[in-house]
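Numbered from 1 within each chain, the chains take letters A, B, ... in sequence-line order. Just so it is clear, the values below take in all heavy atoms, side chains as well, and ignore hydrogens, waters and symmetry mates.
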Amino acid sequence: MPEITLIEGLRQAMDEELARDERVFIVGEDVGPRGGVFRATQGLFEKYGAGRVIDSPLAELSIVGVGIGAALYGMRPICEIQFADFIYPALNQIINEAAKICYRSAGEWTVPMVIRAPYGGGIGGGLYHSQSVETLFCHVPGLKVVIPSTPYDAKGLLKSAVRDPNPVLVFEPKKGYRLIKGEVPEGEGELVPLGQARITRQGSDLSVIAYGMMHYYCLQAAEAVARDGIEVEVVDLRTLKPLDKQAILSSIKKTGKVLIVHEDNLTGGFGAEIAAILADEAFTDLDAPIRRLAGPDVPAVPYSHPLQSWFMPDAEKIAAAMRDLAAY
Amino acid sequence: MPEITLIEGLRQAMDEELARDERVFIVGEDVGPRGGVFRATQGLFEKYGAGRVIDSPLAELSIVGVGIGAALYGMRPICEIQFADFIYPALNQIINEAAKICYRSAGEWTVPMVIRAPYGGGIGGGLYHSQSVETLFCHVPGLKVVIPSTPYDAKGLLKSAVRDPNPVLVFEPKKGYRLIKGEVPEGEGELVPLGQARITRQGSDLSVIAYGMMHYYCLQAAEAVARDGIEVEVVDLRTLKPLDKQAILSSIKKTGKVLIVHEDNLTGGFGAEIAAILADEAFTDLDAPIRRLAGPDVPAVPYSHPLQSWFMPDAEKIAAAMRDLAAY
Amino acid sequence: MATTVEEHSTSLRKDDLIEMYWTMLLARRLDERAWVLHRQGRIAFHISGIGHEAAQVGAAFALRRGVDWVVPYYRDLAMILSLGLTPREFALSIMGKKGDPSSGGRQMPSHWSLRRANVVSHSAPVATQTTHAVGIALGIKMTGDDAVAITSIGEGSTAQGEWYEGVNWAAIHHLPVIFLVENNMYAISVRQEQQMAVRHVADKAAGLGLPGVSVDGMDILKVHEAVSEAASRARAGEGPTLVEAKVYRLTPHSSDDDDRSYRSREEVAEWRARDPLDRFAAQLLDQRHLAPEAVAEMDARARQEVDEAIQFAESALYPEVSEGAYPVYAEDIPHA
Amino acid sequence: MATTVEEHSTSLRKDDLIEMYWTMLLARRLDERAWVLHRQGRIAFHISGIGHEAAQVGAAFALRRGVDWVVPYYRDLAMILSLGLTPREFALSIMGKKGDPSSGGRQMPSHWSLRRANVVSHSAPVATQTTHAVGIALGIKMTGDDAVAITSIGEGSTAQGEWYEGVNWAAIHHLPVIFLVENNMYAISVRQEQQMAVRHVADKAAGLGLPGVSVDGMDILKVHEAVSEAASRARAGEGPTLVEAKVYRLTPHSSDDDDRSYRSREEVAEWRARDPLDRFAAQLLDQRHLAPEAVAEMDARARQEVDEAIQFAESALYPEVSEGAYPVYAEDIPHA
Ligand SMILES: Cc1ncc(C[n+]2csc(CCOP(=O)(O)OP(=O)(O)O)c2C)c(N)n1
Ligand SMILES: Cc1ncc(C[n+]2csc(CCOP(=O)(O)OP(=O)(O)O)c2C)c(N)n1
Ligand SMILES: [Mg+2]
Ligand SMILES: [Mg+2]
């Protein structure tokens, strides 16, 4: 199997879905001849034409709102938000509309659509090109939220998202776009089902729960602490909503200790929900406090290099937190 | 001391602040001659004129965006969002702008503004006139979030919010606007400082943490279970962000059991953060799982009366959860 | 002056005219009854279309009903009746009963959806529907289907960026969509002058690069003509049109409103004298399309249909409590 | 044809003209150096104003600097230099060094703020600044202060509902604000025709009820004149104006962009021949406001200032890690 990058996995997924189903189309800023500012849609405009790879006006709420309308009509839009930081103008459309249409119409109408957005820090993007925004959406019934951390999952999850009959947000760890490589079968790729976490490393001393770029660092950190004899079990959530609660509960049953890692701000981040579930449903399995390692509570990742490093959780900080918890 | 309603407390606060500081002004939909759709600003247009009580265009993002600009210029806007459900168009302004301006300018610019919005269900408002939206904002560094549950606090907290040099969101339990009455000193009222919770009932068996309308029901429920000999300590958060962590931790130290109640959806709600803090920092004080009672995970409160009752936590459901936890 | 039926250029037959009048009448009687039910405490909320009926029915009859797509707003009772909503269904919806076709009792009344008639579910946050209509029109264009989308909105709500973005997109891509603005001069209490600095909503079209027309929305034939023309343009691939219908809301904003704080009784009385229902009746009588007895008979029939519908709904069941939990996701629909 | 200095109606003195030229020149040399530093791997990011300098300096010199309020966007290096930013400060900002006056290294370069000059902090999400300028203008009107607000934006970003809402509000309330649109025909790769269905951004003004003018933004005097007039109107209580300056971005969108995928080299070359810096130099030479030697001397001086600034910034310190944690709230500012 050939090794490809995470972003190439995404590109292949879109290419294959465009070829498979003529209702599928892409819409967003600079997705056409430019191929997207990260080149995720490179070549697709040339292959499928301006009718199916549409350069939108510079206006996120209408990218999503028009996508919803098209989905109501029976199309399968893939909406690109250029950076997750720019998704806020579309929140009314996502939260008040896309998420609620199925319920509010008693199932008469559904919104099969995908919203893709690069997210996360560590790339010198400063406050507005580094944000993690997944938490907001994980709180909203009616949405699904997917964050891949490998090329294989990126391709397989995005394909599943396109075929899903609900609004699905796919947040892509942009720092990993070219950094993370992995094997992906050639040709018509495999689907990765939404809603299933994956244990990417077995261990008995403590469980680490992560997703996206942080999952990548958690694996590195787990290797590092293994040298000190600490065996960490690593859970890659892959889909945050719906959450694979069973996978988490079983891991904690086994290890009794848990560290949750995300780069989004600590307070009220997605780690809080995981911790809350465990503090209720795994209460008797826990033999240490539930620990979270997350971005600090400042408005976003600062630009200047030393400040960015201060903000971002990385393999070293994660390893330190693992050691600390293992010693509890 | 005269008894007044919660909404009258809010009206008095605005009246007094308008009189005190000429930089203060009100802006929102129908806040002028109509006095607001709930009459929170009744009489203020007549008293302070069209220059200080401004009927805005029907456009929430500009209510907030223009408010931010005015605040940058040195004014003290009180922006009214007619229903919390309609705050989403303004999220880009609140999250990307108001919350981040102080940090991003290294403190050169600040945004002293208040955003008020009625929130919550139980009033037959259906999906779009019943939402609880506090959780989104509690996750955003740079914002403060206040939810009063008594007329005294409504007045004192809103006055403090107007004087606060930061963007402060005040969510008002609209079901309690006229239902909740209480004593408030006449004349120039007292300030209630932001960031302090209040123990509104002492108890030793378990702690209940709530805010807004749910706090009101928690007190009723606590009375009910007291008849069965269960002594509940009730914590009214009053300010959700910054959270009064100390108040919560001390209460749990005393009781060892905790139930968190909110009407916002369960998953990823503000209760998750409280649970996460306790599961880490009060781990050794806990002698039962951390329980949450919240709105179910459907998109919002449905309209039809039986469905609304199904959705809303109330004194009865809370009492049942208290009994259940006490018996653990 | 009102258009005479003869002057009116489109091909409305006598039957159409009578059906249009019937629909306006039925809408009016249902709407009036809802106000009564609210005063009696038998329903919790009502938002009214009284005064807007000519604009709505005129627009609806310019569509190929069941073919074209409609994204309405909360004041559009008369429009949705034109498209096939039954009085019984309306009655179920105002009582939050099972069988309400818009939402099974989940949404407030007058938040329409009628799948069988291509009426798309809309919400309460104003102006969100605009981009949906544009997306539908995009879908129509992509599939090459022979349909047109129309979306309605109040003049105040055109202050929302959402509205601007939708219209802009449609103008750029020449999409087959009609933007109908029902301009009743008020957004709850706020007058048009506080919502825009142009005289007519139609003036906004110039800045967006699409045609805009403003018509007397109390004149059903004028509205019918303008929307028919817009629909022809859309079908011919000539792109979107903005149609402004100048109307007046003859009632308070909703059952929660009291309009005395923001407009004079004289103003309301003045507009009441221009009631679009009376006006259309006068036109039809004048042109001898209807005899006075027929008008009276239709009114009696409308009242009876309303009575029957309300009775039906009052004895209907509420949704079961277990229905509250779904369908949050499309996967839950089989259970619905 | 370019305006001659004589034709130009406003009262620019020779000194002003030379200062304007100097500012354009300094902006150009700083900007060019930033591209070089980026290629050398010495800075991480640059977003360029090359081609926009006439529009920006022309606009800035129409303001009472230090009195009027400015809410700029990321391409406005030449404008902010006109308002008092020093080359050293710019150099600090592109390197993310301590002392960057916009953000102390927190924001990406070219996200301006200069409190001492009434330049308000802005962000990356486009169009959010528009309503801020309107709010500032509201504050000016409320206090009766003698000031004007100006905000700039790209033509693509006027597709945002945020822009529309801001302009609409200002038009309704006759606020003293100028909306400057620097129309360079592209939003990254997307051409104007995909952003709007009108020929000129200024055409949008008609739909919003305020005056709109479109000028050749490569002609500094034309821009100066248009903005001066808009400022006079604002000060006279006559409300806002939309000024469109037609320019061209002579570089890729940013150091992350490669513009070859979306525009031809011929097109860029054609516009390069109309470089606003060369054009203004030619005007000044032509009108004998400057001698050729003076132009050369100024250029040498600009290059030297740039060298010096870069050197200064390279040896400056980074922010301390402890600074990352504040100021999240105004209470934290004393520590800053
Ligand atoms: C986003 C949003 N903000 C506020 C409201 C509350 N609201 C409901 S209707 C209305 C006025 C609408 O006026 P207009 O658009 O003129 O329509 P009309 O009701 O007059 O037909 C307002 C402010 C809302 N529904 N949605
Ligand atoms: C809300 C938002 N969406 C997307 C972007 C990414 N982006 C940055 S600049 C730009 C193009 C802006 O074009 P225009 O307004 O014409 O200004 P120009 O850069 O041409 O001066 C885009 C899409 C952004 N910064 N903000
Ligand atoms: Mg109206
Ligand atoms: Mg541009």
Side-chain angles (χ1 to χ4, degrees), chain A residues 60-61 85-96 99-104 126-128 131 133 135-142 241-243 260 264-284 286 288-292 296-300 302, chain B residues 60-61 85-96 99-104 126-128 131 133 135-142 241-243 260 264-284 286 288-292 296-300 302:
Chain A
E60 287 74 12
L61 96 77
D85 317 58
F86 306 142
I87 204 168
Y88 300 105
L91 280 203
N92 196 32
Q93 285 291 341
I94 299 172
I95 298 180
N96 265 339
K100 294 183 174 50
I101 287 174
C102 176
Y103 183 76
R104 80 177 183 219
L127 272 77
Y128 297 104
Q131 293 177 31
V133 302
T135 307
L136 298 179
F137 302 100
C138 291
H139 179 50
V140 180
K241 191 178 187 73
L243 180 67
I260 306 160
D264 192 6
N265 308 111
L266 177 74
T267 295
F270 188 62
E273 177 60 29
I274 299 174
I277 290 172
L278 295 173
D280 185 356
E281 302 183 35
F283 184 71
T284 51
L286 286 167
I290 299 174
R291 288 279 155 78
R292 292 179 288 168
D297 283 333
V298 302
Chain B
E60 286 74 13
L61 97 76
D85 316 58
F86 306 141
I87 204 168
Y88 300 104
L91 281 202
N92 195 33
Q93 284 292 341
I94 299 173
I95 298 180
N96 264 340
K100 295 183 173 51
I101 287 174
C102 176
Y103 183 76
R104 81 178 183 219
L127 272 77
Y128 297 104
Q131 292 178 31
V133 302
T135 306
L136 298 180
F137 303 100
C138 290
H139 180 50
V140 180
K241 190 176 187 74
L243 179 68
I260 306 160
D264 193 6
N265 308 110
L266 176 74
T267 295
F270 188 62
E273 178 60 28
I274 299 175
I277 290 172
L278 295 173
D280 185 356
E281 302 183 36
F283 183 70
T284 51
L286 285 166
I290 299 175
R291 289 279 154 79
R292 291 179 289 168
D297 283 333
V298 301

Backbone N or O of B:Val298 within a donor-acceptor pair of the B:Asn265 side chain at under 3.5 Å? yes
Can you tell me if A:Asn96 uses its side chain to pair, donor with acceptor, with the backbone of B:Asp85 under 3.5 Å? yes
Which atoms of [X] come close to chain B, meaning under 4.5 Å heavy atom to heavy atom: side chain ones, backbone ones, both, or neither?
X	answer
A:Leu286	both
A:Gln131	side chain
A:Ala282	neither
A:Ile95	side chain

Let me see the working for A:Ile94 and A:Val140 under side chain to side chain contact (heavy atoms under 4.5 Å, CB included), right down to the final yes or no. CA-CA 9 Å; A:Ile94 299 172; A:Val140 180; over 6 Å; no
Contacts of B:Asp297 that satisfy side chain to side chain donor-acceptor pair (under 3.5 Å) - sequence neighbours left out: B:Thr267
Drop me the distance from [X]'s [atom1] to [Y]'s [atom2], to the nearest 0.5 angstrom.
X	Y	atom1	atom2	answer
B:Leu243	B:Ile274	CG	CD1	6.0 Å
A:Leu136	B:His139	CG	NE2	6.0 Å
B:Glu273	A:Leu266	CD	CG	6.0 Å
A:Arg104	B:Leu127	CZ	CG	8.0 Å

Counting only non-hydrogen atoms closer than 4.5 Å, does [X] touch chain A with its backbone (N, CA, C, O), its side chain (CB onward), both, or neither?
X	value
B:Leu278	neither
B:Glu281	neither
B:Ala300	both
B:Phe283	side chain
B:Tyr128	side chain

Do you know which of A:Ala99, A:Pro296, A:Ala276, A:Gly271 has the most heavy-atom pairs with chain B at a distance under 4.5 angstrom? A:Ala276
Set of residues satisfying ring pair (Phe, Tyr, Trp, His ring centres under 6.0 Å) with respect to B:Phe86, sequence neighbours excluded: B:Phe83, B:His129
Of all of [options], which one pairs up most often with chain A through heavy atoms under 4.5 Å apart?
options	answer
B:Ala90, B:Gly268, B:Gly126	B:Gly268
B:Asn92, B:Leu91, B:Leu61, B:Asp264	B:Asn92
B:Cys138, B:Gly269, B:Ala272	B:Ala272
B:Ala275, B:Pro299, B:Cys102	B:Pro299

